[in-house]
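Note that the coordinates shown come from a computational prediction; the quantities given were computed from them, not determined experimentally.
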Amino acid sequence: MLSIRIGKSVYMVYNKNYVFLYIQMGLSACFLIGVMLYYYTLATLQNIKRIPQSWKIHISLLAVFITTVGIWKPYQTERAFWNPHFVQFIYLIWGIYIALTIYTLRKVIVKFFRKKTSCSLQEVWLLVVCASVLAIFIAYNVGGKTWYISGAISFSVVSYLLIFFLLFKKNRKDIFNKEEYKYATKKITLPEAELLLDKLKVLMSEEKLYTDSEIKLKNLATKLNISAHKLSQLLNDNLGKSFSSYINEWRVEEAKQLLVHDSKYTLEAIGIEAGFSSKSTFYTTFKKLTGKTPAEYKKEKSRGFSPKL
């Protein structure tokens, strides 16, 4: 729907002898952008794989309505009907569905701005998509006739940003395969999640389970007296991390302490002591999370230099 809408805008700007049918097609597509965004968001959050009949009816009614109006009052001969009142109505419907989408994402938005919890990759994706459509909506409404092309430009910018977002996420497949929402019907409540995360933090700090290079998800889940599935959901939904990422962060923090305060170990021994299974894994993970090799970090700290954050 957005592509049709943008194509119409570009056509109008660069073709002075434009066909009014294309304009009508663009406006009709605009009428359906919001509802598509709303149901896409709802389907993703609720892990709905088959479109409910009520959704099909809803979308069909909107499509029939805008098509009927287009046949009854074609843009080419009824421009006084379309501009400005019916066009404003179309944008109103688009805006209403954007508002409904934002309301549907309200808990995700709150979680995004909380310091104690992190959004999953799929939740961040939904926020990015919603914000992108909102930006395009604002561009079309604020731009006016003089800057009518602003909507098309904003769409191009948003498209590139979304592409870069995907390219720089190694676990981008999780956005679309809905693995994180496999247990969405048994969502962990926020109070329970905070309690479990506090318990997990104490457990990791006191028992240092991460130092075991063979630690598995189910082993840690057993310590917490919850299922492995629930622990995976807890880490994904509330910290936005996989089990391996979570464990490696603890290992790197342990390695930092050993590098600074325990000089009797070699760098390789420090990696093993922190829980890494090999020297190469230790070096790769450490540099990925800190931006420095273990040797660089040790040298920097030994000089008493503290980098600016």
Side-chain angles (χ1 to χ4, degrees), residues 1-13 18-79 81-106 108 125-145 148-159 161-163 175-176:
M1 294 303 160
L2 276 172
S3 297
I4 294 173
R5 182 66 175 85
I6 305 308
K8 186 267 289 189
S9 298
V10 176
Y11 180 81
M12 282 187 63
V13 171
Y18 47 77
V19 179
F20 288 105
L21 176 61
Y22 293 166
I23 301 176
Q24 184 174 318
M25 288 173 60
L27 290 170
S28 298
C30 182
F31 186 72
L32 298 174
I33 292 173
V35 68
M36 296 298 185
L37 171 69
Y38 172 66
Y39 280 133
Y40 171 72
T41 303
L42 208 59
T44 304
L45 288 176
Q46 298 179 6
N47 194 21
I48 296 174
K49 297 179 179 179
R50 291 188 177 181
I51 302 176
Q53 191 65 26
S54 59
W55 293 16
K56 293 180 181 179
I57 294 173
H58 188 165
I59 295 172
S60 297
L61 287 175
L62 290 175
V64 169
F65 171 77
I66 196 65
T67 302
T68 302
V69 171
I71 295 173
W72 175 50
K73 295 280 189 179
Y75 189 90
Q76 184 169 0
T77 59
E78 300 288 343
R79 271 170 282 171
F81 167 79
W82 286 77
N83 295 315
H85 302 298
F86 192 67
V87 171
Q88 290 176 349
F89 172 73
I90 288 174
Y91 279 99
L92 174 64
I93 297 301
W94 184 4
I96 288 174
Y97 281 106
I98 290 179
L100 286 173
T101 302
I102 294 173
Y103 179 77
T104 303
L105 288 169
R106 64 191 184 282
V108 178
W125 170 255
L126 288 176
L127 292 177
V128 170
V129 171
C130 181
S132 300
V133 175
L134 177 60
I136 295 169
F137 173 80
I138 293 173
Y140 273 119
N141 281 275
V142 174
K145 292 183 178 180
Y148 197 74
I149 194 64
S150 62
I153 294 174
S154 66
F155 178 76
S156 299
V157 172
V158 164
S159 297
L161 289 177
L162 290 175
I163 290 170
I175 295 174
F176 306 108

If you look only at distance, which donor and acceptor atoms sit under 3.5 Å apart when one is on a side chain in residues 95-106 and the other is two or more places apart or in another chain?
{"unit_1": "Tyr97", "atom_1": "OH", "unit_2": "His58", "atom_2": "NE2", "d": "2.6"}
{"unit_1": "Thr101", "atom_1": "OG1", "unit_2": "Tyr97", "atom_2": "O", "d": "2.8"}
{"unit_1": "Thr104", "atom_1": "OG1", "unit_2": "Leu100", "atom_2": "O", "d": "2.8"}
{"unit_1": "Arg106", "atom_1": "NH1", "unit_2": "Tyr103", "atom_2": "O", "d": "2.8"}

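In this structure the side chain of Trp94 reaches within 4.5 angstrom of the side chain of Val133, judged on heavy atoms. By the 4.5 Å heavy-atom criterion applied to side chains, Thr44 and Trp125 are not counted as neighbours.
To the nearest 0.5 angstrom, Ser28 atom OG is 4.5 Å from Ile66 atom CD1. One finds the CD atom of Gln24 at 12.5 Å from the NZ atom of Lys73 (value rounded to the nearest 0.5 Å). Atoms SG and CZ, from Cys130 and Phe137 in turn, are 12.0 Å apart once rounded to the nearest 0.5 Å. Atom-to-atom distance recorded for Met25:CE and Thr67:OG1 is 10.5 Å, nearest 0.5 angstrom. Interatomic distance, CH2 of Trp55 versus CG of Leu42, reported as 4.0 Å (0.5 Å rounding).
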Determine whether Val69 and Phe81 satisfy the following criterion, side-chain contact (heavy atoms from CB on, under 4.5 Å), listing intermediate values before the conclusion. CA-CA 10 Å; Val69 171; Phe81 167 79; 3.8 Å; yes

Are Leu126 and Val108 close enough, and set up right, to give a side-chain contact (heavy atoms from CB on, under 4.5 Å), and what steps lead you there? CA-CA 9 Å; Leu126 288 176; Val108 178; 5.9 Å; no

Test side-chain contact (heavy atoms from CB on, under 4.5 Å) on Ser132 and Val128 and set out the steps. CA-CA 6 Å; Ser132 300; Val128 170; 4.0 Å; yes

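Annotation: side-chain contact (heavy atoms from CB on, under 4.5 Å) contacts of Gln76 (sequence neighbours excluded): Phe20. For the side-chain contact (heavy atoms from CB on, under 4.5 Å) test, residues two or more places apart in sequence or in another chain that qualify with Val87 are Leu27, Trp82, Asn83, Tyr91. The side-chain contact (heavy atoms from CB on, under 4.5 Å) check on Ile57 picks up Gln53, Leu61, with sequence neighbours excluded.
The aromatic rings of Phe31 and Phe65 are tilted relative to each other, their planes meeting at an angle between 30° and 60°.
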